[in-house]
There are 2 protein chains.
Amino acid sequence: MSEVQIITEEQKKAARYAKAMGHPIRIYVLNLLSKQSCCYSGDLTDELPVAKSTLSQHLKELKEAGLIQGEIEAPKIKYCLNKDNWEEAKKLLSNMFDS
Amino acid sequence: MSEVQIITEEQKKAARYAKAMGHPIRIYVLNLLSKQSCCYSGDLTDELPVAKSTLSQHLKELKEAGLIQGEIEAPKIKYCLNKDNWEEAKKLLSNMFDS
DNA sequence: ATATTTGTTCGTAAATAAACGAACATAATG
DNA sequence: CATTATGTTCGTTTATTTACGAACAAATAT
């Protein structure tokens, strides 16, 4: 049962986060949330040139990657960063670049 | 001809780099190159559990994203980071995380 | 009770990504 | 010149991503 792990779990995680960040709209959202603590997806729908269903999918991906979290504030949904995972992503991706 | 640019060029670039980093194999390669200045793709083929054609495609993607560059050292090919773009990626992605 | 607001989910289509082996190219070696 | 070593490209298959509108769900407002 001994498996030589060439690619580490950390590298897989880093790739997972990077992948979630690999679209302009998702970068935009993360960028916003890193500056302003939270936002409503309705605001994003107004600003961004995509259908609300498309935006919803992008937000879902960010959620599934663990980078953001949504909180119901009926009838709206308030989104903010998932701080723990955001920190982890920062650490993992920053590590890529130093040295 | 005036276009309101919601998503900036910088955000597009950041997404482009992140996307290129969005696969474990590509993270592995970048990780290696950030530590050891260069490598030969043959070495990677030996280490990594993918067909050489698959690896070749991943390297091509990293090249097309501008993150690495290859130099012929016949009959091998030596790969290293594209330092300028690597710095740019570092800057753009780091910016995401600070503040 | 109906209508409105706000998002998600579904169904679909088109594009891109991921992987493999076979075939090909190129240059060094025998 | 034939062989070997090293990678890329091609053709193919399968899976994932991206995008849209329509339909649906849930809660608030009229």
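Here is the naming used below: chain letters follow the sequence lines, and residue numbers restart at 1 for every chain. Side chains are part of it too, since the values below use all heavy atoms of this structure and drop only hydrogens, waters and symmetry mates.
Contact check of residues 28-46 of chain B against DNA chain D (heavy atom, cut-off under 4.0 Å) returns B:Ser41, B:Gly42. Listed by residue number, the members of residues 10-18 of chain B with any heavy atom below 4.0 angstrom from DNA chain C form an empty set.
Atom-to-atom, OH of A:Tyr79 to C1' of C:dT6 comes out at 11 Å; the value is rounded to the nearest Å. Rounded to whole Å, atom P of C:dT5 lies 12 Å from atom NZ of A:Lys76. Rounded to an integer number of Å, the gap from A:Leu55 CG to C:dT9 P is 13 Å. Protein atom CD1 of A:Ile7 is 13 Å distant from nucleotide atom P of C:dA18, rounded to whole Å. One can place CD1 of A:Ile68 at 13 Å from C1' of C:dG7, the figure rounded to the nearest angstrom. In this structure, A:Glu64 atom CD and D:dT16 atom C1' are separated by 13 Å, rounded to whole Å.
For A:Glu71, there are no side chain to side chain donor-acceptor pair (under 3.5 Å) partners two or more places apart in sequence or in a different chain. By the side-chain contact (heavy atoms from CB on, under 4.5 Å) test, A:Lys12 pairs with A:Gln5, A:Ile7, A:Glu9, B:Pro24, sequence neighbours left out. A:Ser94 meets the side-chain contact (heavy atoms from CB on, under 4.5 Å) test with A:Lys90; sequence neighbours excluded. A:Lys19 pairs by the side-chain contact (heavy atoms from CB on, under 4.5 Å) definition with nothing, not counting sequence neighbours. Remark: A:Asn31 pairs with B:Gln11 by the side chain to side chain donor-acceptor pair (under 3.5 Å) rule, at least two apart or across chains. Every residue two or more places apart in sequence or in another chain that forms a side-chain contact (heavy atoms from CB on, under 4.5 Å) with A:Arg26 is listed here: A:His23, A:His58, A:Glu61, A:Leu62. Residues that satisfy the side chain to side chain donor-acceptor pair (under 3.5 Å) test with A:Asn85, not counting sequence neighbours, are absent from this structure.
A ring-ring contact (aromatic ring centres under 6.0 Å, His included) check over residues 63-99 of chain B, counting only residues at least two apart or in different chains, returns the pairs A:Trp86-B:Phe97, A:Phe97-B:Trp86.
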Ignoring hydrogens and angles, write down the donor-acceptor pairs under 3.5 Å from the side chains of residues 42-57 of chain B, residues two or more places apart or on other chains.
residue : atom : partner : partner atom : Å
B:Thr45 : OG1  : B:Ser41 : O            : 2.9
B:Glu47 : OE1  : B:Tyr28 : OH           : 2.4

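Counting non-hydrogen atoms of other residues, nucleotides and ligands closer than 6.0 Å to CD of A:Glu64 gives a total above 12.
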How does protein reach along nucleotides 17-30 of chain D, written 5' to 3' as B (base within reach of a heavy atom under 4.0 Å), S (only sugar-phosphate), or - (no contact)?
SBBBBB----S---
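Geometric assessment of A:Lys78 against the ring of A:Tyr40 yields a negative cation-pi assignment under the 6.0 Å and 45° thresholds.
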